**Student:** 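Before anything else, here's the structure in question.
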2 protein chains.
Amino acid sequence: MPQHGRSDIDAYEAVFTALAHPVRRRILMTINFEGGSMSAGKIAQMFKHSWPTTTRHLRVLEAARLIRCKRDGRNQIYTIEKHRLEVLCDWLDWFAKPTG
Amino acid sequence: MPQHGRSDIDAYEAVFTALAHPVRRRILMTINFEGGSMSAGKIAQMFKHSWPTTTRHLRVLEAARLIRCKRDGRNQIYTIEKHRLEVLCDWLDWFAKPTG
DNA sequence: TTTATATTTAGCCTAAATGCTAAATATTCG
DNA sequence: CGAATATTTAGCATTTAGGCTAAATATAAA
């Protein structure tokens with residue numbers, strides 16, 4: 001059970017929690033729109049709030065595995081994990097079938 | 001602009017907020033599983049927390065228009081608005097297309 | 001190795017969410 | 001009408017989330 005085992009039973013929890021905040025949704029949107037990756041600094045400068053606040057949001061997205069990060073010199077590059085959004089589709093599937 | 005106008009600009013906000021709590025996700029799941037409608041009492045008895053707590057969760061789901069309610073005698077019948085879940089699909093669509 | 005750049009961690013504070021109990025409301029039934 | 005049932009509203013207590021500033025860390029450049 002590599003991706004969909006009991007170990008991932010809280011995927012819904014993590015993903016829905018991460019997507020609950022507009023700043024985090026906007027971070028995901030923007031990383032995606034910019035080609036899939038962005039540095040922490042580039043992300044932080046989109047917002048009027050402080051950089052540490054952005055860092056905290058990034059941590060939540062990372063905990064949900066919606067992004068991952070890798071250092072490149074003194075930059076941290078955050079990359080979106082698009083496929084992780086399938087968790088939402090999985091959840092929606094419960095409602096797709098005719099009621100019963 | 002009946003369904004998709006500026007009046008609905010915060011649909012993402014309302015829906016993602018509503019789905020952020022496991023109790024609310026479970027309420028939706030169960031109403032759907034039970035055929036689409038359930039009384040407040042039936043919903044409340046699923047949980048170990050107090051009934052007023054459930055009522056509050058129902059208010060959040062209602063604000064997001066994920067359920068609606070109608071009185072039937074002394075029961076309140078909550079009905080799921082399945083189509084409202086399309087808001088999630090709409091949001092996911094932003095990521096569907098090849099990055100760019 | 002000192003200095004500058006990029007970013008995170010720590011710790012605090014406030015606001016919002018969630019849960020509870022008690023009281024109120026609405027509807028039905030005797 | 002008065003009692004019983006079904007459910008919500010009010011108001012309070014506690015937890016969690018989100019924001020800020022200051023300090024720490026890591027890499028690079030001089």
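Values below: all heavy atoms of this structure, side chains included; hydrogens, waters and symmetry mates excluded. It should be emphasised that the depicted structure is a prediction, and the values quoted were computed from it without experimental measurement. Order of the sequence lines sets the chain letters (A, B, ...), proteins ahead of strands, with each chain counted from 1.
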**Student:** Among dT7(D), dT8(D), dT27(D), which nucleotide has an atom closest to any side-chain atom of Arg71(A)?
**Tutor:**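 Side chain of Arg71(A) sits closest to dT27(D).
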**Student:** Could you tell me whether the side chain of Arg65(A) and the main chain of Ala11(A) form a donor-acceptor pair under 3.5 Å?
**Tutor:**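 Here the side-chain-to-backbone pair does not exist.
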**Student:** Tell me which of Lys42(A) and His21(B) sits closer to the 5' end of DNA chain C, going by the nucleotide each one is nearest to.
**Tutor:**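 Taking each residue's closest nucleotide, the earlier one in sequence belongs to Lys42(A).
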**Student:** Between C1' on dT27(C) and NZ on Lys70(B), what's the gap in Å once rounded to a whole number?
**Tutor:**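 Lys70(B) atom NZ is separated from dT27(C) atom C1' by 16 Å.
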**Student:** Distance from Ile43(B) atom CD1 to Leu28(B) atom CG, nearest 0.5 Å?
**Tutor:**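 So the gap between those two atoms works out to 9.5 Å.
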**Student:** Can you figure out which of dG19(D), dT9(C), dT21(C) approaches the side chain of Pro52(B) most closely?
**Tutor:**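 Nucleotide nearest to Pro52(B)'s side chain: dT21(C).
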**Student:** How is Phe47(A) classified with respect to the nucleic acid when contacts are heavy atoms under 4.0 Å: base, sugar-phosphate, or nothing?
**Tutor:**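 No contact at all - Phe47(A) keeps every heavy atom at 4.0 Å or more from the nucleic acid.
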**Student:** Taking Arg25(B) for the side chain and Leu19(B) for the main chain, is one N or O donor matched with an acceptor at less than 3.5 Å?
**Tutor:**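 Yes: the side chain of Arg25(B) pairs with the backbone of Leu19(B).
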**Student:** What is the separation between atom CD on Gln76(B) and atom P on dT27(C), rounded to the nearest whole Å?
**Tutor:**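 My rounded result for the distance is 9 Å.
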**Student:** Whole-Å distance between dT7(C) P and Met46(A) CE?
**Tutor:**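 Atom-to-atom, Met46(A) to dT7(C), this comes out as 14 Å.
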**Student:** To the nearest angstrom, how far is Glu13(B) atom CD from dA16(C) atom P?
**Tutor:**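 Answer to the nearest Å: 13 Å.
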**Student:** Any side-chain N or O of Ser50(B) below 4.0 angstrom from OP1/OP2 of dC20(C)?
**Tutor:**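 Yes.
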**Student:** Ser39(B) has a side chain; which of dT5(D), dT7(D), dT8(C) sits nearest to it?
**Tutor:**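 Among the listed nucleotides, the one closest to the side chain of Ser39(B) is dT7(D).
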**Student:** OP1 or OP2 of dA17(C) versus the side-chain N and O atoms of Arg56(B): is any pair under 4.0 Å?
**Tutor:**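 Answer is no, no contact under 4.0 Å.
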**Student:** Taking the side chain of Thr55(B) as its heavy atoms from C-beta onward, which of dT9(D), dT18(C), dT5(C) lies nearest to it?
**Tutor:**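 Of all the options, the side chain of Thr55(B) is nearest to dT9(D).
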**Student:** For Phe95(B) and Trp91(B), run ring-ring contact (aromatic ring centres under 6.0 Å, His included): C-alpha distance rounded to whole Å, both residues' side-chain angles, the deciding distance at 0.1 Å, then the answer.
**Tutor:** CA-CA 8 Å; Phe95(B) 300 88; Trp91(B) 188 81; 4.8 Å; yes
**Student:** Starting from C1' on dG18(D), measure out to CG on Leu58(A) and report it in whole angstrom.
**Tutor:**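 Those two atoms, CG and C1', are 14 Å apart.
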**Student:** Measuring to OP1 and OP2 of dT9(D), would you say a side-chain N or O of Arg59(B) lies under 4.0 angstrom away?
**Tutor:**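 True: Arg59(B) side-chain N/O within range (under 4.0 Å) of dT9(D) OP1/OP2.
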**Student:** When the distance from CZ of Arg74(B) to C1' of dA6(D) is rounded to whole Å, what number comes out?
**Tutor:**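 Distance check: Arg74(B) CZ to dA6(D) C1' gives 7 Å.
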**Student:** Does dT8(C) have OP1 or OP2 under 4.0 Å away from a side-chain N or O of Tyr78(A)?
**Tutor:**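 Checking dT8(C) against Tyr78(A), a side-chain N or O does come within under 4.0 Å of OP1 or OP2.
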**Student:** Hey, is the side chain of Asn75(A) poking within less than 4.0 Å of OP1 or OP2 on dT7(C), counting only N and O atoms?
**Tutor:**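 Answer yes for this pair, as a side-chain N or O of Asn75(A) is under 4.0 Å from OP1 or OP2.
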**Student:** When the distance from CZ of Phe16(B) to P of dA17(D) is rounded to whole Å, what number comes out?
**Tutor:**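 My rounded result for the distance is 18 Å.
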**Student:** Taking NZ, NE, NH1 and NH2 as the nitrogens, is one of them in Glu81(A) or Arg68(A) under 4.0 Å from a carboxylate oxygen of the other?
**Tutor:**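 Yes.
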**Student:** Quick one: which of dG18(D), dT7(D), dA6(D) gets closest to the side chain of His57(A)?
**Tutor:**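 Shortest atom-to-atom distance from the side chain points to dG18(D).
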**Student:** Working to the nearest 0.5 Å, report the span between CG of Leu66(A) and OG1 of Thr79(A).
**Tutor:**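 Result: 13.0 Å between the selected atoms.
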**Student:** In whole angstroms, how far is the C1' atom of dT27(C) from the CD1 atom of Ile77(B)?
**Tutor:**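 Whole-Å distance recorded here is 13 Å.
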**Student:** Under 4.0 Å between a side-chain N or O of His49(B) and OP1 or OP2 of dT21(C)?
**Tutor:**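 Indeed not, no polar side-chain atom of His49(B) lies that close.
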**Student:** Quick one: on DNA chain D, does Trp51(A) or Gly73(A) contact a more 5' nucleotide (nearest heavy atom)?
**Tutor:**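 The residue mapped nearer the 5' terminus is Trp51(A).
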